[in-house]
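Since the structure comes first, as structure tokens, the remarks are kept for the end.
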Amino acid sequence: MSDAKAGLLRGLHHGELLVLPNAWDEESASLVVEAGFPVVATSSAAVADALGHGDGERAPWREMFAAVARIARAVPVPVTVDAEAGYGLEPDRLVAELLAAGAAGCNIEDTDHRAGGLVPAEVQADRLAAIRAAAGTALVINARIDTFLPAGAIPEPERTAEAVRRGRLYRAAGADCVYPIGVSSAADLERVVTGVGGPVNGNTGAELDLGTLASLGVARVSFGPRFYRAGMAALRDGLAELRREVEKVGVSHG
């Protein structure tokens, strides 16, 4: 079953733009499927926040993977997991835990959450190669490239070239797709897509609507915690409106 779902997910990277609205629990994942999307992607930031933790590997990995397992049991489609930087787990253990949770794919990022900055590209490529060796074809690996994030500490003029360099290394190591998160410029993203020469994950933005992403040759697009935060904002606004109504009529809200 893992190989079959991973094969389906892998195939969806070649053809029309794969759109991945990110989920954080069983209900949100079920809504993604109900809306007709063929894959459920998780957002580490949203899952961690829903569990009462911060993003950036602050949540215990067992809690994160338990949430993934609940999502995977709730939906019939492939689930690809935002596994952050892998929580310090050795490649064999990381792959085993992902497969046990029902994952068909995973994001692995090159931010160093312990030392700060980015993991050296060659070191990250070796880690990705070890993950690929442990997983075989049972996981689709989306290698996130964090050169465009301020925490990556890459000077702005060098970010695109470094993303291309890392993308090539990560693809050679066995990544199915690379993900230069935080690209806001269509020109920069086009350079990455052309330079890497394989599937690239993008994000929407002011210059990057779905049509533009598709025209640039982007393989997949994800939304991170955007829908989770929108839901929390709607709840916050609804509660504020309710409180105003309570105060207007003079009933207790204690």
Side-chain angles (χ1 to χ4, degrees), residues 13 17-20 22 41 43-46 48 54-58 80-87 105-129 131-132 140-226 229:
H13 286 70
L17 179 65
L18 174 61
V19 179
L20 299 169
N22 298 74
S43 159
S44 66
D55 193 22
E57 299 201 340
R58 294 182 179 89
T80 181
V81 177
D82 183 350
E84 303 187 73
Y87 305 103
C106 64
N107 282 15
I108 299 292
E109 63 200 40
D110 55 11
T111 287
D112 189 330
H113 291 286
R114 289 154 183 81
L118 302 184
V119 176
E122 292 77 11
V123 173
Q124 183 71 359
D126 287 345
R127 178 166 170 77
L128 291 168
I131 293 170
R132 169 55 68 215
V140 174
I141 300 172
N142 188 35
R144 204 179 88 175
I145 301 168
D146 291 356
T147 60
F148 288 89
L149 300 183
I154 303 294
E156 189 168 349
E158 301 172 16
R159 290 175 180 176
T160 302
E162 180 63 9
V164 170
R165 185 179 80 89
R166 285 175 177 260
R168 288 174 174 168
L169 284 171
Y170 298 170
R171 284 278 294 156
D176 297 280
C177 184
V178 298
Y179 179 16
I181 190 172
V183 180
S184 58
S185 160
D188 287 342
L189 186 55
E190 183 174 26
R191 285 178 60 197
V192 175
V193 171
T194 301
V196 170
V200 171
N201 188 144
N203 301 117
T204 57
E207 290 188 25
L208 297 167
D209 58 19
L210 292 180
T212 300
L213 290 172
S215 71
L216 293 175
V218 169
R220 63 189 255 181
V221 55
S222 49
F223 296 84
R226 191 176 308 179
R229 289 173 178 165

S222 side chain to G224 backbone, donor-acceptor under 3.5 Å: no
The single option from V192, T160, D188 passing side-chain contact (heavy atoms from CB on, under 4.5 Å) against P180: V192
Close side-chain approach of R166 to T147, heavy-atom, < 4.5 Å: yes
Side-chain (E162) to main-chain (P155) donor-acceptor, under 3.5 angstrom: no
OH of Y170 to CG of D176: how many Å apart, nearest 0.5 Å? 15.5 Å
The reported gap from OG1 in T111 to CG in D146 (rounded to nearest 0.5 angstrom) is 3.5 Å
Going by atom types only, do R226 and T204 share a side-chain donor-acceptor pair under 3.5 Å? yes
Please check this pair: side chain of R159 against backbone of I154, looking for a donor-acceptor N/O pair closer than 3.5 Å. yes
Can a donor-acceptor pair be found, under 3.5 Å and without considering hydrogens, that links the side chain of R132 to the backbone of A173? no
Any side-chain donor near an acceptor of the partner, N107 and R144, under 3.5 Å: no
Would you say E84's side chain and G56's backbone share a donor-acceptor pair under 3.5 angstrom? yes
Taking side chain as C-beta onward, heavy atoms only, is L208 less than 4.5 Å from V221? no
Sub-4.5 Å side-chain heavy-atom contact between V218 and N201: no
Does the side chain of S44 pick up a donor-acceptor pair with the side chain of D82 at under 3.5 Å? yes
Examine distances only and state if a side-chain atom of E57 and a backbone atom of A85 form a donor-acceptor pair shorter than 3.5 Å. yes
